[in-house]
Structure formats: C-alpha cells, structure tokens
Amino acid sequence: MNVLSIQSHVSYGHVGNSAAAFPLQRLGFEVWRVNTVQFSNHTGYDDWRGEVFSASQIADLLQGLEARGAFGQCDAILSGYIGNADLGNVIVDTVRRIKIANPGALYLCDPVMGDREPGLYVRDEIPAFMRDSAIPAADIITPNAFELETLTGLPVRNLNEAVVAARSLLKSGPRIVVVTSLRPENGNADEIGLLAVTSEGAWMVSTPFLALDPAPNGAGDTVAALLLAQLLRGKGPQDAISEAASAIYAVIEETGRRGERELQLIAAQDSIVNPPKRFEAHALV
C-alpha cells in the first residue's frame, strides 16, 4: 500500500516526515515523501539551518507525482504541520484529486497548532484553515487536547468533555477523531492516553507517562503514522489505538533508556512491529 506523506523534514532527529516515514516503512508501507521544509534539526533547539519550500514548489512536486499516475495508486494521504494556508490549500486540493483517482483513499490530518504550555505556535490563519478546509476534507484527525479545544471552542478538561468535543468535530466530516497525549483532570496523573471517537462509539487506551527531560519532539508525528498504518491494515479504531499506543510507548521507553533527546526509532524498530508491552483500549460507556 502507498502513503503520500506531506510534512516537514529534518536531517538530524525525527519530526515530521523524519518521524512518520520510517515507522510506516517498517510496517510494510511504501511512503512517498513530499517535504515542506528541509531543516538541519527541529526548531526545539536554539538554532537550525535550512529552508521552507513555497506552496508553488510543493504543488509542482505533487503535479509530478500525478503525472506518473501515482494518485490512482495512493491509498492514503498524511499531513502534519502546515506553515501557511496557501500550502494547506495545495494539500486539500491534492486530497480532492487523489480521491477522484482513488475514491477509497484515506486522508489523515494531524492538525498541528500548539499545546497547553506554549499555546498556539502557528500563524493566526491556521486554526480557521483547519476548521474550514482541512478538517472537512479529512477522514481521520488526530488533535491533542489543546488543539481539540481550539478547533471546537469547547473545554477539554476531563474525559467526558473530550468525548463531547470530539463528537462535535465528527459533524464536520471526519469519520474518526483520535485525541492524542490525553491527560484528563479526572484521570490517573501517571498515565497518558489516546481517545478514539466515531459515530459508533468511543474507546480509550492509557500507558504509563514517561516524563523525559526534555520531552522528545516528534512523538505526535509518529503516533499519527502508526495509527494510519493500523487503520490501513483494516483494524478498527479500538485495536488501532491499542497498537499505536503500545508502539509509541516502546519507542519513548527506549529513548529514555538510552538517555537521548531524539526519538530512538531505529533502535526500537522491532518494537514498532511487535511492541513488547501491550496496552488494550476499552470502550467508554
């Protein structure tokens, strides 16, 4: 199966395509990477080098893929951080064209916008673009709690509020909403979880919270890729979040064991395929 992944790229470390492509490949998927930026390292460091590619450059690359007949062979599209609405519009238009060529293709949009502590770290235009354009085009979305609040205007302080907010997003078009890095006030403070919500039900999986300092960047990008892989394999939302949570836990555990700042995807590659610890999702009443 073929996945078109439109994300950032770093030479050192693992964020964006550098975090998403290898897990997908290790799980048996062909990945067509379109890099929206090329940086030496992620921007969590004090400095970085490289360039941001324009929307027209990305559109040109995608037209080249289309000319090869790739759109009809594309089984899924994955997008993450979007620097500006012009690039976002190119991605959404590409999704539209791919779905014409292959109506069964899935689009997973990770609406990267920020988190509780830093707040928004994208341009002011991005939340509206996500709400009005990206989310309606997506089959699966993977916001964190802060992003879910930003998209819906609803509070996401506890598990019930998270389910309510996620269900409100289903009305916009997606079939599956997966809330990542969820640590509800009424939950166990030593755990972190994934919440999957569809029109048929809601499921939650929790793993121990591994407090690494500094926390590695790119975990959300990896989770989105792991989740997409399991859904493409035919897993339902409950099993898909179980597999994704178990795999990312193994990666973060290996990262902490080695005392590294960057996600240890290569060292933990066998655990991506067969996680040594399994965490099962349970249905919510």
Side-chain angles (χ1 to χ4, degrees), residues 1 3 5 14-16 18-29 31 76 78 80 106 108 110 140-145 148 159 162-163 166 176-184 187-198 200-212 215-284:
M1 301 185 84
V3 177
S5 184
H14 297 287
V15 301
S18 305
F22 178 73
L24 282 164
Q25 291 168 328
R26 191 64 179 81
L27 289 165
F29 294 87
V31 181
L78 173 62
L106 297 177
L108 190 154
D110 184 6
I140 309 117
I141 60 172
T142 56
N144 62 31
L148 184 57
L159 189 53
V163 172
I176 305 173
V177 177
V178 175
V179 188
T180 65
S181 303
L182 189 59
R183 302 183 71 193
N188 188 330
D190 296 326
E191 293 182 340
I192 188 168
L194 295 177
L195 168 68
V197 179
T198 72
E200 287 78 37
W203 302 267
M204 177 80 176
V205 59
S206 298
T207 70
F209 175 65
L210 301 173
L212 306 190
N217 292 64
D221 303 324
T222 304
V223 166
L226 292 168
L227 176 69
L228 179 60
Q230 298 304 329
L231 292 170
L232 287 172
R233 284 179 159 186
K235 298 283 180 69
Q238 181 174 5
D239 290 335
I241 62 171
S242 295
E243 294 287 345
S246 299
I248 193 62
Y249 178 83
V251 171
I252 295 175
E253 187 176 46
E254 183 66 18
T255 302
R257 190 183 72 79
R258 290 173 176 258
E260 296 286 348
R261 175 171 181 172
E262 299 292 340
L263 287 175
Q264 295 298 290
L265 293 176
I266 308 304
Q269 61 180 290
D270 291 339
S271 295
I272 290 172
V273 179
N274 291 301
K277 298 176 184 176
R278 296 281 176 169
F279 301 94
E280 300 299 331
H282 62 274
L284 302 178

Task: All pairs passing ring-ring contact (aromatic ring centres under 6.0 Å, His included) where residues 225-274 contributes a residue, at least two apart - done: Tyr249-Phe279
Task: Residues that Ala224 engages under side-chain contact (heavy atoms from CB on, under 4.5 Å), provided they are two or more places apart - done: Leu78, Leu108, Asp110, Thr142
Open item on the list: Can you list everything that forms a side-chain hydrogen bond (donor to acceptor under 3.5 Å, both in side chains) with Asn188? Sequence neighbours excluded, please.
Closed with: none
- [ ] Kindly give the heavy-atom pair with the smallest separation between Leu194 and Ser181, and that separation in Å.
- [x] CD2-N, 4.3 Å
Open item on the list: List the residues meeting salt bridge (Lys or Arg N to Asp or Glu O under 4.0 Å) with Arg233, not counting sequence neighbours, and say none if there are none.
Closed with: none
Task: All pairs passing salt bridge (charged side-chain N to carboxylate O under 4.0 Å, His left out) where residues 241-256 contributes a residue, at least two apart - done: Lys235-Glu243, Glu243-Arg278, Glu253-Lys277, Glu254-Arg257, Glu254-Arg258
TODO: Write down the atom of Leu227, the atom of Ala240, and the distance for their closest heavy-atom approach.
DONE: CD1-CB, 3.8 Å
- [ ] Side-chain contact test, heavy atoms from C-beta onward, threshold under 4.5 Å: evaluate it for Leu27 versus Val273 and give yes or no.
- [x] yes
Task: Non-hydrogen atoms of Leu148 and Ala162 that approach each other most closely - done: CD2-O, 3.7 Å
- [ ] Just jot down the salt bridge (Lys or Arg N to Asp or Glu O under 4.0 Å) partners of Asp190, sequence neighbours excluded, or say none.
- [x] none
Open item on the list: Test of understanding: with side-chain contact (heavy atoms from CB on, under 4.5 Å), list the residues that count as partners of Ala196, not counting sequence neighbours.
Closed with: Val178, Trp203, Pro237, Ile241
Open item on the list: Once side-chain hydrogen bond (donor to acceptor under 3.5 Å, both in side chains) is applied, do any residues pair with Ser18, and if so which ones, sequence neighbours excluded?
Closed with: His9
Task: Pairing residues for Val177 by the side-chain contact (heavy atoms from CB on, under 4.5 Å) criterion, not counting sequence neighbours - done: Ile141, Pro143, Ala166, Leu169, Leu170, Val179
Task: Partners passing side-chain hydrogen bond (donor to acceptor under 3.5 Å, both in side chains) against Gln269 (at least two apart in sequence or in another chain) - done: Arg26
Task: Results of side-chain hydrogen bond (donor to acceptor under 3.5 Å, both in side chains) for Ser246 - residues two or more places apart only - done: none
TODO: Report yes or no: does Thr255 contribute a side-chain atom to a donor-acceptor pair with the main-chain N or O of Gln264 at less than 3.5 Å?
DONE: yes
TODO: Please name all residues satisfying side-chain contact (heavy atoms from CB on, under 4.5 Å) with Thr222, sequence neighbours left out, ordered by chain then number.
DONE: Ala19, Pro23, Leu226, Ile248, Leu263, Leu265
- [ ] Write down the atom of Leu182, the atom of Ala145, and the distance for their closest heavy-atom approach.
- [x] CD1-CB, 4.1 Å
